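Just so we're clear, the structure is a prediction, and the values are computed from it rather than from any experiment. The sequence lines fix the lettering, A, B, ..., with proteins before strands; numbering per chain opens at 1.
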2 protein chains.
Amino acid sequence: MSGEQNKIPQATAKRLPLYYRFLNNLHHQGKQRVSSKELSEAVKVDSATIRRDFSYFGALGKKGYGYNVEYLLGFFRKTLDQDEVTKVALIGVGNLGTAFLHYNFMKNNNTKIELAFDADPKKVGTDIGGVPIYHIDQLEEKLGSASVAILTVPSSEAQGIAERLVESGIVGVLNFTPARITVPERIRVHHIDLAIELQALVYFIKHYPLEGEHEDHNGFKE
Amino acid sequence: MSGEQNKIPQATAKRLPLYYRFLNNLHHQGKQRVSSKELSEAVKVDSATIRRDFSYFGALGKKGYGYNVEYLLGFFRKTLDQDEVTKVALIGVGNLGTAFLHYNFMKNNNTKIELAFDADPKKVGTDIGGVPIYHIDQLEEKLGSASVAILTVPSSEAQGIAERLVESGIVGVLNFTPARITVPERIRVHHIDLAIELQALVYFIKHYPLEGEHEDHNGFKE
DNA sequence: GAGATATTGTGAATAGGGTCACGACTTTAC
DNA sequence: GTAAAGTCGTGACCCTATTCACAATATCTC
Ligand SMILES: NC(=O)c1ccc[n+]([C@@H]2O[C@H](COP(=O)([O-])OP(=O)(O)OC[C@H]3O[C@@H](n4cnc5c(N)ncnc54)[C@H](O)[C@@H]3O)[C@@H](O)[C@H]2O)c1
Ligand SMILES: NC(=O)c1ccc[n+]([C@@H]2O[C@H](COP(=O)([O-])OP(=O)(O)OC[C@H]3O[C@@H](n4cnc5c(N)ncnc54)[C@H](O)[C@@H]3O)[C@@H](O)[C@H]2O)c1
């Protein structure tokens, strides 16, 4: 069922939502055609990479012309959305979790946070941005057909909750806690570790200073 | 200054804060030695990769023994510049920005959000988690020696603010907006695009379902 | 319609990381 | 002291992704 358009590299798959978003922008601006070069400037991805990415889906463009925005958009809509909304559950309505709920995650895409869980009785029973908050004790009972979970609980709770989620049929986890959770191999876990992202950025700045390609050395002191 | 221990792969550099964090845990647990295999299980990184990562810094371990936790920790502290705090400014104290300020970013590391900016007069003048919030009009005036910025403004504002930040001497940006900003080459920008992370996770689940491989992949000889 | 120009799609080369597998060395057991 | 067990550091290999560079093909100009 899902295995037909098979060989798309993962790196490409991660860029698809980005392309999709920018194509939407272009479409709203009334643009009818776009070249890989233009798109490259907008999304900051090399134009050859864009052409290669698109080519995995066949010949979507026309030589000497570029790509038809509307056609491309329709194509991505089918490819990304699969006209099927994935239900997402959010666990841990604290600082981060609340922000995500308010963001009411996606306007034009295939995911929706349908429900949330917390251990705090003050939060249970309320809703944020239309998403109801249940008590974590009701996890198994309420989870329903949600297949993806966003994990924003304290890190000490992460492993235990992850196990319950897996038991309840979740197949993907977006883990914002610093804990590295252990789950069966069939479960996909993506870590987003904000503290590490910041530390890594600082490390790169200090250890791999980017040269401004112009020779103008303005005061890099030792 | 920074160019001596040069050839560390970026992938390695991104894992260093992770190692550091787990080594700290081990140290607090009173553990004195650790093998790459043990560490591997904790951080979910292949043990050969860990050894390779460490080896870029020289021979930090002892054959037949493993690594001395305290020594390794001291080494990473120096390498990651834990002693020297990088000042960070946060721009846009909305849902996400507020969460970050409350998190009071890092306990055991080298970065600190020192100040924040927003355009909303109701927020200006207050502080969150001890971080003062200034008006965005005072950006140039107050920014001081902050060298990194966290960007959590509406995406329409991102490019304009980024330009002002660059003008004011910022060298790194952690961009949480969906906008792809254009900056001089010497500026390092890391994008964290939460919507895309979620979409990509969903895409992977649908198109690359992980088989629950019962066969464990411990291809150890014998 | 012809020549100039634009742009794709892709083979080939390059870059970048991850993993295997084993020699070298250390520690542990007895 | 000797043998067994444990673990590192790394050469060799493999895989994935990126980039170059160009033939093929389309559009545009007049
Ligand atoms: N806020 C940030 O900026 C930030 C940055 C990086 C990482 N993180 C990580 O994200 C996670 C959440 O951070 P936060 O700032 O939102 O923390 P928080 O303390 O504000 O929120 C945690 C929420 O989880 C709830 N909770 C606690 N135990 C629970 C359980 N067993 N089941 C269900 N809910 C439970 C709490 O009631 C609370 O609402 C933490 O692991 C943190 O380390 C946060
Ligand atoms: N909240 C989320 O979960 C989430 C998820 C993914 C991406 N994002 C992105 O992160 C960014 C922030 O999201 P948010 O939910 O915190 O939005 P928000 O609207 O809650 O916050 C934006 C803040 O920026 C301030 N602001 C507006 N214009 C400004 C300016 N010119 N200078 C300084 N401050 C200004 C506003 O006053 C507000 O406080 C957005 O670009 C959003 O797309 C947010």
>> Does a side-chain N or O of A:S36 approach OP1 or OP2 of C:dT7 to a distance below 4.0 Å, or not?
In response: no
> In whole Å, what is the span from the NZ atom of A:K14 to the P atom of D:dA17?
Replying inline: 11 Å
> B:L60 CG to D:dG9 C1': how many Å, rounded?
Replying inline: 11 Å
> Are any side-chain N or O atoms of A:E114 and backbone N or O atoms of A:A89, one a donor and one an acceptor, separated by less than 3.5 Å?
Replying inline: no
>> If you take the centroid of each ring, where Trp contributes its six-membered ring, are A:H191 and A:F176 closer together than 6.0 Å?
In response: no
> From D:dT18, C:dG18, D:dT27, pick the nucleotide closest to the side chain of B:R15?
Replying inline: C:dG18
>> Does a side-chain N or O of B:Y67 approach OP1 or OP2 of D:dG9 to a distance below 4.0 Å, or not?
In response: yes
List every contact pair, protein side and nucleotides 19-26 of chain D side both N or O, where the distance is under 3.5 Å.
| unit_1 | atom_1 | unit_2 | atom_2 | d |
| --- | --- | --- | --- | --- |
| D:dT19 | OP2 | A:T49 | OG1 | 3.3 |
| D:dT19 | O4 | A:R52 | NE | 3.4 |
| D:dT19 | O4 | A:R52 | NH2 | 2.8 |
| D:dA21 | N6 | A:R51 | NH2 | 3.2 |
| D:dA26 | O4' | A:K63 | O | 2.9 |

>> Any side-chain to backbone donor/acceptor pair from B:T49 onto B:V45? Under 3.5 Å, distance only.
In response: no
> How long is the line joining CG of A:L39 and C1' of C:dT8, in whole Å?
Replying inline: 14 Å
> Do A:R33 and A:Y65 meet the cation-pi criteria used here (NZ or CZ under 6.0 Å from the six-membered ring centre, within 45° of the axis)?
Replying inline: yes
> What is the distance, rounded to the nearest whole Å, between atom CG of A:N68 and atom C1' of D:dT27?
Replying inline: 14 Å
>> Does B:T12 reach a base, just sugar-phosphate, or nothing at all? Heavy atoms under 4.0 Å.
In response: nothing
>> Taking the minimum atom-to-atom distance to the side chain of A:A59, which one of C:dG17, C:dG9, D:dT7 wins?
In response: C:dG9
> Do A:F76 and A:F54 have their ring centres less than 6.0 Å from each other?
Replying inline: yes
>> Can you give me the closest heavy-atom contact between B:P178 and A:Y103, atom names plus distance?
In response: CG-OH, 4.3 Å
> Base, sugar-phosphate, or nothing for B:S47, non-hydrogen atoms under 4.0 angstrom?
Replying inline: nothing
> When the distance from OH of A:Y56 to C1' of C:dT8 is rounded to whole Å, what number comes out?
Replying inline: 15 Å
>> Looking at D:dC28, I'd like to know if its phosphate oxygens (OP1 or OP2) sit under 4.0 Å from a side-chain N or O belonging to A:R33.
In response: yes
>> Under a 4.0 Å threshold between the charged nitrogen and the carboxylate oxygen, would B:D193 count as salt-bridged to B:R180?
In response: yes
> What is the distance, rounded to the nearest whole Å, between atom CD of B:Q32 and atom P of C:dT27?
Replying inline: 14 Å
>> I need the CD-P distance between B:Q10 and D:dT18, as an integer number of Å.
In response: 13 Å
>> Within the 4.0 Å heavy-atom criterion, would you say B:F54 contacts the bases, only the backbone, or no part of the nucleic acid?
In response: nothing
> What is the distance from CD1 of A:I50 to C1' of D:dA17, rounded to the nearest Å?
Replying inline: 15 Å
